[in-house]
Amino acid sequence: MEKRPCSSSLAVKTSHVLPPDTNYHGTLFGGILMAHIDDVAAIAAVRHCRKAVVTASTDSVDFLEPVKQGNSICVEAFVTWTRNTSMEVFVKAVAEDLLSGDRKVCATAFLTFVAVDENLRPVPVPEVYPETESEKLLYEGAPLRAERRRERRKYSREFAERFGTTYPWNN
């Protein structure tokens, strides 16, 4: 498989924040922003590998600034690192006051996707390589983030086993 640059997977989605998208405070529901993030990140992952993908993990999504009704929300994503069958995708969400032109980063996140075949079995993905300084910074930090994800996943599995599928009131 031929290596591909980070930039070849870039995906961008801009949406207008309308009243049904907002909460009591007139700001974008966090869940709607998370759906935009997952959608755009999945597109970036598919662009990179040209295969079907599944979301394997979402690192913490930090809501840095509120996104107000009437703003636009622009979500940008690209593949920053790959392993055998998985891809790390960096996502940045930018809110824009359409009347003033003021822009602010309102959230960032890293997601991991796994490429799969028609039987949902993992398949190899092409390597990715950085070109810009920002891409290099993200690429170099990826092994540490991957190790933290493995540790967090182990911890999550232990919790799942501990708490199981029974209802809390049946314990």
Side-chain angles (χ1 to χ4, degrees), residues 1-17 28 30-65 67 71-96 101 103-160:
M1 264 183 252
E2 188 175 318
K3 289 184 180 184
R4 297 184 181 152
C6 295
S7 60
S8 70
S9 63
L10 179 64
V12 179
K13 174 183 183 178
T14 303
S15 298
H16 202 180
V17 178
L28 183 64
I32 289 179
L33 179 54
M34 291 168 65
H36 287 312
I37 287 169
D38 190 48
D39 182 36
V40 176
I43 292 169
V46 171
R47 275 196 177 142
H48 178 75
C49 67
R50 298 297 176 187
K51 297 179 182 356
V53 301
V54 294
T55 308
S57 73
T58 301
D59 290 7
S60 63
V61 177
D62 295 312
F63 300 105
L64 305 172
E65 296 285 339
V67 183
N71 287 174
S72 69
I73 184 72
C74 180
V75 182
E76 307 166 19
F78 61 91
V79 173
T80 57
W81 193 64
T82 57
R83 291 193 58 147
N84 183 35
T85 62
S86 65
M87 297 157 281
E88 178 190 77
V89 178
F90 173 68
V91 181
K92 174 179 74 171
V94 177
E96 180 180 351
R103 294 169 49 89
K104 57 190 173 190
V105 175
C106 58
T108 60
F110 288 94
L111 291 83
T112 304
F113 290 85
V114 174
V116 295
D117 65 15
E118 58 279 350
N119 298 313
L120 298 179
R121 291 196 178 100
V123 295
V125 300
E127 288 183 50
V128 69
Y129 62 89
E131 297 174 301
T132 68
E133 289 305 312
S134 295
E135 291 169 354
K136 289 175 186 173
L137 178 71
L138 293 168
Y139 183 87
E140 290 165 2
L144 177 59
R145 288 189 299 276
E147 178 57 33
R148 288 180 179 159
R149 278 184 210 107
R150 279 189 292 280
E151 290 171 7
R152 189 180 70 233
R153 186 173 180 88
K154 180 182 174 222
Y155 188 69
S156 291
R157 285 193 187 279
E158 290 170 2
F159 257 95

Show which side-chain atoms of residues 40-55 pair as donor or acceptor with protein atoms under 3.5 Å away, not counting sequence neighbours.
{"from": "Arg47", "atom 1": "NH1", "to": "Leu10", "atom 2": "O", "distance (Å)": "2.4"}
{"from": "His48", "atom 1": "NE2", "to": "Pro126", "atom 2": "O", "distance (Å)": "2.8"}
{"from": "Arg50", "atom 1": "NE", "to": "Arg47", "atom 2": "O", "distance (Å)": "3.4"}
{"from": "Thr55", "atom 1": "OG1", "to": "Asp38", "atom 2": "OD1", "distance (Å)": "3.0"}

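- Minimum heavy-atom separation, Leu64 to Val105: CB-O, 3.9 Å.
- Distance CD/Glu127 to CH2/Trp81: 11.0 Å, rounded to 0.5 Å.
- Here the closest non-hydrogen pair linking Val67 and Ser72 is CG1-O, 4.5 Å.
- Qualifying ring-ring contact (aromatic ring centres under 6.0 Å, His included) partners for Tyr155, counting only residues two or more places apart in sequence or in other chains: Phe159.
- Atom NZ of Lys13 sits about 10.5 Å away from atom CD1 of Ile37, to the nearest 0.5 Å.
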Can you give me every donor-acceptor pair (side chain of residues 86-94, partner residue at least two apart or in another chain, under 3.5 Å) with its distance?
{"from": "Glu88", "atom 1": "OE1", "to": "Thr80", "atom 2": "OG1", "distance (Å)": "2.5"}
{"from": "Glu88", "atom 1": "OE1", "to": "Arg145", "atom 2": "NH2", "distance (Å)": "2.8"}
{"from": "Glu88", "atom 1": "OE2", "to": "Arg145", "atom 2": "NE", "distance (Å)": "2.9"}
{"from": "Glu88", "atom 1": "OE2", "to": "Arg149", "atom 2": "NH1", "distance (Å)": "3.3"}
{"from": "Glu88", "atom 1": "OE2", "to": "Arg149", "atom 2": "NH2", "distance (Å)": "2.6"}

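- Atom CZ of Arg152 is surrounded by more than 12 heavy atoms from other residues, nucleotides or ligands within 6.0 Å.
- Closest non-hydrogen pair, Glu131 versus Glu135, comes out as N-OE1, 2.7 Å.
- Between the side chain of Asp117 and the backbone N or O of Asn119, at least one donor-acceptor pair lies under 3.5 Å.
- Across every non-hydrogen atom of Val79 and Ser9, the tightest pair is N-OG, 2.8 Å.
- Qualifying side chain to side chain donor-acceptor pair (under 3.5 Å) partners for Arg83, counting only residues two or more places apart in sequence or in other chains: none.
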### Message
Run Arg153 and Ser57 through side-chain contact (heavy atoms from CB on, under 4.5 Å) and show every step you take.
### Response
CA-CA 9 Å; Arg153 186 173 180 88; Ser57 73; 5.7 Å; no

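- The CD atom of Glu96 sits 11.5 Å away from atom SG of Cys106, with the distance rounded to the nearest 0.5 Å.
- More than 12 heavy atoms of other residues, nucleotides or ligands sit less than 6.0 Å from atom CZ of Arg150.
- The line from CZ of Phe113 to OG1 of Thr82 is 14.5 Å long, rounded to the nearest 0.5 Å.
- With sequence neighbours excluded, no residue satisfies ring-ring contact (aromatic ring centres under 6.0 Å, His included) with Phe78.
- One distance of note links CG of Asp59 with CG of Leu111; it measures 7.0 Å at 0.5 Å rounding.
- Looking only at side-chain heavy atoms (C-beta outward), Leu138 and Pro130 stay at 4.5 Å or farther from each other.
- Between Pro124 and Thr85, the shortest heavy-atom contact is N-CG2, 3.9 Å.
- Applying the side chain to side chain contact (heavy atoms under 4.5 Å, CB included) rule to Glu151 yields the partners Glu147; only residues at least two apart in sequence or on another chain are considered.
- The two atoms that bring Asn71 and Ala95 nearest to each other are OD1-CB, 4.3 Å, heavy atoms only.
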